[in-house]
Amino acid sequence: MFTVHPSLGGLDVSSDATVLDPNFGTVMDNIEFLEGGQRKKRLGLQVYSTSTSHTTTGAMISTAVAVRAVADFWRYGATLTPTQHLVAVSGASLFNSTGDGKWTSLNGAASSFGAATNVNTMITIAGDYAVISDESATPIAYNQSTLKDSQTATEGGSTWALWPRFTGSRYHLDRLFMWGISTAPSRVVYTAAGNIFDTTSTGSNFKIAEGDGDRVIGASKPFYASMYFFKGPQYGSLWQLSGVGSTDFAMVQVGYGAPLVNQRAVVTTPSDIFWMSQYGIHSLQTTVKYGNVEEAFLSLPIQKLWREGLIRRDRLDETWAFWHPQRSIVGWAVIPVGETTHRWLLMYNYALSDPKPGGKKFWAIWKFNNNDLTCGDTFLIPGTWNTLVSRNRAGQPAPILGDTNGNVFINDWTGLSDYGNAYTATVRTPVLTRFATDRQQLIPETQEKGFVGIVTYFNPTAAVSADVSVWVDRRLQSTTISLVGGGATLT
């Protein structure tokens, strides 16, 4: 007779369920992991607006036009007290918000920045500016008061040199690094130190393996005094830029294969760099230590999504990613096969996971059935908006997500609904065929077993319920347990 205790592990859809370690799960929908591996329902979405209910949608930025990018922009200028703005691109319009739930147009009636449907738009915070680019238009810089471009910006009375038209950028060593230039796909241009518009300094550009069949797709944020550039999308290569100035910059290839799908699919954390390719999800730590013997060690438990085409690989060039430092997670937005909307987020808990090949990984899938999420970032909750939502969370990090209908959402609602819409969190264990006795002896699959019951622990935060289903020899027993204390008996 056996009692089955709770499992503590992540999603694994690649292994056969009959041989899978009991600690893993074959379904892990809308689940987040706590520090001990316990599972909880992910937090819900609230609409970023002035609505007191924060459940009313309705194009907070612009009617039925996709939010292409959103970013948290802090600026000090010449004081020790910073100001915070949220910056967004929706359609061909640029917007900012001071944290009060309101959006203000920055380019007014012109509303002509780039291609309105180009979701591969990037916002980089550099030199007290938010630099906005998408390659189809002249990049724009915003300093929380005015919009500037390299043709009109001045500093100290001198006009700066013209920027190229670029797709993406990063800020490193007081310089702006730019790539995705249509006339030079393998070229990276960088500015003078301290002047993010000045590209006239000697040797202010370099090429990365020009003619290798790939182009520069993206780059990491600064990571241990280096930047890492990614080439793709055909073959893929990873390059490390080291040095402190133009006279000693050095470039070396540190990886190959695993071509980055687009610039927004790179996440830099204090301990690792993560990215998505056409073959899976990877990390710098895993790639450098263990090489590319397999395409994706990191995403091996969910590799079935790529191998069997369960996600739209033809739309991975629209994937975007975000990092949540307080919850130790990184996530990538993808489109399920047969659908057209980015409503799945593939979530990886790096604090609990072992990055080694074969190491235990904690994966889950967050499913947003009512949204096509087009971009995202993590911001620090503004004090003004914190007052509007009547919660003591000012200054805490939270994901901020944009969708195709011009809405912006905050993913930290403890009410556990998506702006009033219920969603279900589901965990399913693998098929358990072998059990260990108290003497750690394995009872084989062919030996008959009896079950006393299952044990589950819960810490309810509201008057909600859980549906529990148990299959024994293909016979189903299920019940609904009220999560207000006590328990229930399967009948």
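Any value given below was found using the heavy atoms of this structure, including those in side chains, with hydrogens, waters and symmetry copies removed.
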Any residue meeting side-chain hydrogen bond (donor to acceptor under 3.5 Å, both in side chains) with S145, in chain and number order, not counting sequence neighbours:
N143

Closer than 3.5 angstrom, by distance alone: can the side chain of D72 be matched with the main-chain N or O of L380 as a donor-acceptor pair?
yes

Under the side-chain contact (heavy atoms from CB on, under 4.5 Å) criterion, do M122 and T167 qualify, and how do the steps go?
CA-CA 7 Å; M122 194 167 184; T167 305; over 6 Å; no

Is R42 close enough and on-axis enough to Y423, meaning under 6.0 Å and within 45°, for cation-pi?
yes

Atom pair CE (M347) and CH2 (W332), whose distance is rounded to the nearest 0.5 Å
8.5 Å

Roughly how far, to the nearest 0.5 Å, is CD1 of I365 from CD1 of I302?
6.5 Å

Measure the OG1-CZ distance between T387 and R393 for me, rounded to the nearest 0.5 Å.
14.0 Å

With sequence neighbours excluded, residues passing salt bridge (charged side-chain N to carboxylate O under 4.0 Å, His left out) with R391
D412

Output the distance between atom CG (D317) and atom CD (Q263), rounded to the nearest 0.5 Å.
11.5 Å

Measuring from F33:CZ to S353:OG, what's the distance to the nearest 0.5 Å?
8.0 Å

Below 30° counts as parallel, above 60° as perpendicular, anything between as tilted: where do the rings of F322 and W366 land?
tilted

Show me the donor-acceptor pairs, under 3.5 Å and distance only, between side chains in residues 323-331 and residues at least two apart or in other chains.
from, atom 1, to, atom 2, distance (Å)
W323, NE1, Y350, OH, 2.8
H324, ND1, Q326, N, 3.3
H324, ND1, R327, N, 3.2
H324, NE2, R327, NH1, 3.4
H324, NE2, P397, O, 3.3
Q326, NE2, Q396, OE1, 3.4
R327, NE, E32, OE2, 3.0
R327, NH1, N411, O, 3.3
R327, NH2, E32, OE1, 3.3

Which heavy atom of G406 sits nearest to which heavy atom of S90, and what is that distance?
CA-OG, 4.4 Å

Carefully, step by step, assess F368 and H342 under the rule side-chain contact (heavy atoms from CB on, under 4.5 Å).
CA-CA 9 Å; F368 299 86; H342 298 82; over 6 Å; no

Parallel, tilted or perpendicular: which fits the ring planes of W275 and H282, with parallel below 30° and perpendicular above 60°?
parallel

Rounded to the nearest 0.5 Å, what separates atom CZ in R75 from atom CD in Q144?
6.5 Å

Main-chain N/O of Y279 paired to Q303 side chain as donor or acceptor, under 3.5 Å:
yes

Out of the candidates W385, W413, F409, only one should pair with Y48 under the ring-ring contact (aromatic ring centres under 6.0 Å, His included) rule; please name it.
W385

Does CG in N392 sit with more than 12 non-hydrogen atoms of other residues, nucleotides or ligands closer than 6.0 Å?
no

Donor-acceptor contact present, side-chain T286 to main-chain P355, <3.5 Å:
yes

